[in-house]
Amino acid sequence: MGVIGVGWVGLVTAVCFAELGRQVVARDIVAEKVEALAGGETTIHEPGLGEMLRRNLERITFTTDMDLLLERARLLFVCVDTPPTYSGDADLSRVRAVVDDLPDDGGHVLVMKSTVPAGTGHSIRRDMPDLPYVSCPEFLKEGSAVADFMHPDRVVIGADPGDEEAADAVEALYRPLGGEVIRTDVASAEMIKLASNAFLATKISFINEIANVCEEVGADVGEVANGMGLDQRIGPSFLRAGIGYGGSCFPKDVSALKMLAGNSGYHFQLLNAVIEVNELQKRRVVSKLVRHLGPLAGRRIALLGLAFKPDTDDMREASSLVLAARLQGEGAEVVAYDPVAGERAGELLSSVTMADSALEALRGADAAVLVTEWGEFAALDWAEAAARMARPLIVDGRNFLDPAALRAAGFAYEGIGKQQATATAATAE
Ligand code: UDX
């Protein structure tokens, strides 16, 4: 089998299929990346991936050579990215560039893993009548992508009449993994992917709005989510309130679905609200800080964690980017620490001071904001942290820390959707 585009999805797909005993040819246009991977060096931070790559190196051929891939592989998994365009639609230029390189000779099967708007498969199939087409969307979470691949909830395989044999071949590859296999048509497979991500994003924005109401009425969103999640129709996952979702998928896919609907003549009202709530949620941190500190001009604010979620160095659409810019817009001095994404973040946040440790970031700070729930923050010596700060105030943007322990360490603790701490007299300074 072949993988085209060895980014995050492509690399996980290639390495995991090799782990299942398949011979894989993985092709990318970036020569340095291909070279590093061929030497057993992963290009992304994904738990378990490096060891799995090195264990299976002899089964994977990394190459920049499309002809080599076409010669050795029949099933071609297209895994190039589809970033948002200025209009919010998915940018299909990379997908198109790959498809243009494929022979329409009946000898290969195009398996689309890239997230594409519903209708893309039909249009490619129209242009390439002799290239069987299978839609096989990915549902991998960064940080647990290897485990998600190896233990899928479900595998979605979309094929239209005439392409059943191609779909059977893809199904055979996934069968050893166990999860339920859904066989459907191409447009429905494409929609399953977009609708799944949009629904999860909706759950997050919903619980974030509930959190905001909890703050008004003195309820605790953790208790509320727990009580809701036990209803099997609702389920407990993706009900963690916080400062909003980020990453390479949710923002892009929600917008792409909204645009897809709009371009087809349907106004998807709910998704507008999901997006707006997510935008505003990141900014609520600022008002929490102002309540304690007054105007933020000249205040030193420490951001703990920058990646869009823990166990990844991915900064795409990270809430930290908006938050840092907003705080600086208020005149605050921003210092930040992330255990893994620091370097990548430093390039994006050039006016933010990057610290080498959490305690260093907190030195002299007027407040800390926990942005990403990295495990090491739970284990931090918070009494020591309080002693180093100018003012022991923390906004826990992920409801990750133990409020009682933080209070015992001397902190004024603010979570999301929890009873608010009494504002200190700081504003009088
Ligand atoms: C997501 C989908 O889960 C995956 O199926 C898809 O294929 C790719 O997009 P990913 O972006 O890696 O995966 O991260 P995910 O764990 O889903 O989290 C996305 C964002 O939502 C993160 O910023 C996270 O912090 C936030 N989140 C998640 C919440 O704020 N609350 C929650 O309850 C869950």
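Atoms within each ligand, like the ligands themselves, are counted from 1 in listed order. In this text, all values refer to a predicted model and were calculated from it rather than measured experimentally.
- Aromatic pair Y174/F17: centroids less than 6.0 angstrom apart.
- In the model, Q23 has no side-chain atom that pairs as donor or acceptor with a side-chain atom of T61 under 3.5 Å.
- Between L359 and R388, the closest side-chain pair of non-hydrogen atoms falls below 4.5 Å.
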Begin with the C-alpha distance, continue with both residues' side-chain angles, and end with the deciding distance and a verdict on salt bridge (charged side-chain N to carboxylate O under 4.0 Å, His left out) for K282 and E276. CA-CA 11 Å; K282 304 167 198 174; E276 191 184 355; over 6 Å; no
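- For ligand 1, the protein residues within 4.0 angstrom (heavy atoms only) are E138, F139, L140, K141, E142, K193, N197, I204, F238, L239, R240, Y245, G246, C249, F250, F308, K309, R398.
- Using modelled atom types, one finds a donor on one side chain and an acceptor on the other under 3.5 Å when comparing Q328 with S351.
- For residues 36-45, no residue pair satisfies the side chain to side chain donor-acceptor pair (under 3.5 Å) rule, not counting sequence neighbours.
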